[in-house]
Amino acid sequence: MIQFRMTLSAMLAAGMILASCGGDSADDPKPPVTPEQPDQPATTEDVRMLTTTSNRAKDLTESWLAFSKVDNMSPSTIRINPSQEFQTIDGFGAAITGSTAYNLLKMTAADRAAFLKETFSPTDGYGMSYVRVPIGASDFSLSDYTCCDKEGIENFALTDEETKYIIPVLKEILAINPSLKIMVAPWTAPRWMKVNNLTDLKPYISWTGGQLNPAYYQDYATYFVKWIKAFNNEGIKIYGMTPQNEPLNRGNSASMFMGWEEQRDFIKTALGPKFQENGIDTKIYAFDHNYNYDNMADQKSYPTKIYADAEASKYIAGAAYHNYGGNVDELNNVHKANPDKELIFTESTAGDWNDGSNLAKRLVDDMEQITLGTVNRWSRGSIIWNLMLDSKRGPWRPGGCSNGFGAVDIADDYKTITRNSFYYIMAHMSAVVKPDAKRIGTSGFTTSGLTYSAFRNPDGSYAMALSNRKSEDVRLTVDDGNHHFPVTVPAGGIVSLSWK
């Protein structure tokens with residue numbers, strides 16, 4: 001397959017920087033899709049449509065559809081039901097890791113500004129509105145570190161990774177999209193706070209594995225308070241955080257085990273009260289790991305077990321999930337058990353193991369699983385890992401992921417960008433579904449291989465995103481009760497729509 005590769009200046013010249021999603025479809029058999037009327041050429045700019053196909057014949061291609069002027073008699077109609085409301089949407093986006101920030105800052109200022117505008121501007125780009133930032137080192141950082149490596153919480157200080165890389169990039173993004181939401185998470189506590197296990201309580205001076213010493217619960221909570229305040233002092237407000245990235249993973253380059261009982265006790269005795277004492281309104285999300293709880297029987301339903309403790313639960317907004325194990329339907333299970341709690345999807349990585357750079361294999365799968373699949377199961381949005389990686393898949397830390405891809409990859413010239421599946425799925429959602437939108441009901445036409453969702457934005461406009469894994473185009477009609485219009489979702493492609 002020929003990959004799409006184009007410099008930012010060429011993208012600008014080609015007009016590719018734009019001036020400017022119901023439920024899963026059922027798999028019940030349906031007659032062949034034969035729309036009553038063919039697609040009509042737009043006579044007015046009623047419906048904005050973005051289209052991407054897995055062969056890149058259409059690459060976030062913008063077009064316009066006209067409202068139909070005749071009565072809707074189409075048997076292939078999806079009807080929008082704005083009176084049926086589900087969750088509020090927070091947004092869609094990607095992680096700004098140390099590696100991503102480093103790569104962005106290797107670009108020329110003009111090229112970086114153009115890429116960030118294309119990616120984050122709500123008016124002149126795709127409007128991505130959510131990012132995730134590590135607290136200290138991750139497997140995609142420039143060194144192994146925390147912000148308090150010298151023993152004693154009084155020694156807390158931001159490092160060069162924050163002050164020279166992450167914070168400057170976040171400020172550039174916030175200048176483009178001041179409504180950006182930022183989710184943060186640590187990969188490990190400072191090593192002097194770690195022990196080998198909670199029985200022996202022996203010091204564990206390692207970046208990988210270990211557990212948090214309960215004797216340092218208060219200091220570790222203070223660590224988060226100081227980190228959030230330090231970013232606030234830079235004009236960067238932190239929307240949400242999790243106490244531990246992948247708490248059941250002992251083996252990442254930087255990692256720390258934190259079972260559900262530990263996390264419950266840490267939140268209710270230290271983190272929650274410290275936030276309250278310091279006037280910090282950053283949301284706390286539990287878990288931040290896989291749908292299958294890494295097949296640990298005693299950790300199954302991790303967040304719901306924490307919610308059962310009223311003291312801990314009062315500090316927790318909801319739970320965060322990754323998709324490296326298990327099934328996305330776990331989101332439905334967790335929502336059903338605790339419908340008052342939020343859900344957010346915070347990480348997925350494309351890599352060699354899943355043909356992450358092969359758009360023909362990944363585009364529809366990723367749209368089904370990461371964006372539409374999660375929001376149709378109550379997630380308030382989704383964030384993927386690493387906005388930008390270089391030609392060597394990094395920089396990455398030894399012992400971490402060395403064969404992954406970014407949402408975009410940048411060549412050795414720090415100018416030529418390849419957009420991967422993750423970029424497309426996030427751009428398709430964020431371009432039409434705005435922060436604080438409501439997911440709303442749909443009814444009518446379904447067919448195997450077609451997945452979709454509908455939304456009402458805060459300004460009253462409607463949005464819809466659809467994916468089609470069929471080998472042929474799907475032609476249908478969308479009807480909001482006041483207007484209707486024909487739509488073609490190309491074979492192996494995704495479409496997003498917005499209209500007043």
Side-chain angles (χ1 to χ4, degrees), residues 21-26 84-92 130 132 181 183 185 239-249 257-269 271-272 275 282-348 368-383 436-442 451 453 455:
C21 292
D24 278 355
S25 58
Q84 184 180 22
E85 291 188 345
F86 300 96
Q87 78 274 27
T88 299
I89 299 300
D90 284 337
F92 304 90
Y130 219 154
R132 184 168 179 246
K181 291 183 173 69
M183 175 74 72
Y239 178 79
M241 64 91 67
T242 64
Q244 177 60 41
N245 170 72
E246 297 188 353
L248 306 181
N249 180 1
F257 185 88
M258 183 180 278
W260 72 266
E261 291 172 304
E262 293 174 74
Q263 190 161 115
R264 174 200 64 197
D265 294 347
F266 175 60
I267 291 172
K268 77 175 181 178
T269 66
L271 186 63
F275 275 19
T282 298
K283 291 185 176 186
I284 298 172
Y285 292 87
F287 194 47
D288 208 7
H289 207 171
N290 295 332
Y291 299 134
N292 66 350
Y293 309 98
D294 275 20
N295 296 316
M296 298 180 184
D298 61 332
Q299 300 300 322
K300 185 178 180 182
S301 303
Y302 187 117
T304 63
K305 288 176 176 175
I306 299 178
Y307 298 157
D309 186 294
E311 276 300 302
S313 182
K314 71 181 183 181
Y315 297 114
I316 301 171
Y321 279 84
H322 304 179
N323 72 340
Y324 304 119
N327 190 286
V328 67
D329 285 333
E330 179 63 9
L331 296 179
N332 276 335
N333 299 333
V334 176
H335 173 77
K336 183 177 180 181
N338 295 93
D340 59 319
K341 296 296 188 181
E342 299 175 7
L343 289 166
I344 184 71
F345 183 87
T346 50
E347 186 181 318
S348 184
E368 287 180 348
Q369 293 296 316
I370 296 171
T371 51
L372 291 177
T374 58
V375 298
N376 284 341
R377 293 166 176 84
W378 297 96
S379 177
R380 294 168 69 98
S382 49
I383 311 167
D436 298 322
K438 287 281 188 181
R439 180 168 70 93
I440 57 177
T442 59
T451 306
S453 193
F455 306 84

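We number each residue from 1, following the sequence as shown.
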Looking only at non-hydrogen atoms, find the nearest pair between Met258 and Leu248 and report the distance.
-> O-CD2, 4.5 Å
Are any side-chain N or O atoms of Ser313 and backbone N or O atoms of Asp309, one a donor and one an acceptor, separated by less than 3.5 Å?
-> no
Pairing of Lys305 and Glu261 as salt bridge, 4.0 angstrom limit | no
Distance-minimising heavy-atom pair for Ile267 and Ile316 | CD1-CD1, 3.8 Å
pair Tyr285-Met183: side-chain heavy atoms closer than 4.5 Å = yes
Closest non-hydrogen atom pair between Gly381 and Thr374, with its separation | O-OG1, 4.4 Å
Main-chain N/O of Asn292 paired to Asn290 side chain as donor or acceptor, under 3.5 Å = no
Please lay out, stage by stage, how Asp288 and Gln244 fare under the test side-chain contact (heavy atoms from CB on, under 4.5 Å).
-> CA-CA 7 Å; Asp288 208 7; Gln244 177 60 41; over 6 Å; no
Side-chain contact, heavy-atom cut-off 4.5 Å: His335 with Phe86?
-> no
For Thr371 against Ser382, the heavy-atom pair lying closest together | CG2-OG, 3.6 Å
When every non-hydrogen atom of Gln84 is compared with those of Thr442, the smallest separation belongs to OE1-N, 4.4 Å
Output for pair (Trp260 CH2, Asp265 CG), nearest 0.5 Å, gives 8.5 Å
Tyr321 and Phe345: aromatic ring centres closer than 6.0 Å?
-> no
What's the spacing between His289 NE2 and Met296 CE if we round to 0.5 Å?
-> 7.5 Å
Separation between CZ of Phe257 and CD of Gln263, rounded to the nearest 0.5 Å = 11.0 Å
Steps toward side chain to side chain donor-acceptor pair (under 3.5 Å) verdict (Gln87, Arg380) = CA-CA 7 Å; Gln87 78 274 27; Arg380 294 168 69 98; over 6 Å; no
Give a yes-or-no answer on whether the side chains of Asn245 and Arg132 include a donor-acceptor pair shorter than 3.5 Å.
-> yes
Geometric cation-pi criterion, Lys181 with Tyr239: 6.0 Å, 45° | yes
Is it true that Tyr324 and Tyr291 have ring centroids separated by less than 6.0 Å?
-> no
OH-NZ distance between Tyr307 and Lys341, expressed to the nearest 0.5 angstrom = 6.0 Å
Side-chain ion pair, Arg439 and Glu85, N-O less than 4.0 Å | no
Would you call Lys438 and Ile89 a side-chain contact if the rule is heavy atoms closer than 4.5 Å?
-> no
Main-chain N/O of Asn327 paired to Glu330 side chain as donor or acceptor, under 3.5 Å | no
Quick one: is the NZ or CZ of Lys268 closer than 6.0 Å to the six-membered ring centre of Tyr315, and within 45° of its axis?
-> no
Taking all non-hydrogen atoms of both residues, which atom of Leu343 and which atom of Leu331 are closest, and how far apart?
-> CD1-O, 3.4 Å
Give, for atom OG1 of Thr88 and atom CG of Asp436, the distance between the pair rounded to the nearest 0.5 Å.
-> 6.5 Å
Mind checking the NE2-CG spacing from His322 to Asn249? Nearest 0.5 Å is all I need.
-> 10.0 Å
How about Phe287 and Thr242: do any of their side-chain heavy atoms sit closer than 4.5 Å?
-> no
Apply salt bridge (Lys or Arg N to Asp or Glu O under 4.0 Å) to the pair Glu311 and Arg264, showing each step before the final yes or no.
-> CA-CA 9 Å; Glu311 276 300 302; Arg264 174 200 64 197; over 6 Å; no
Would you say the side chain of Tyr293 lies within less than 4.5 Å of the side chain of Pro247, judging by non-hydrogen atoms?
-> no
Side-chain contact, heavy-atom cut-off 4.5 Å: Phe92 with Ile383?
-> no
Pair Asn338-Thr304, side chain to side chain donor-acceptor pair (under 3.5 Å): steps then yes or no = CA-CA 7 Å; Asn338 295 93; Thr304 63; 5.0 Å; no
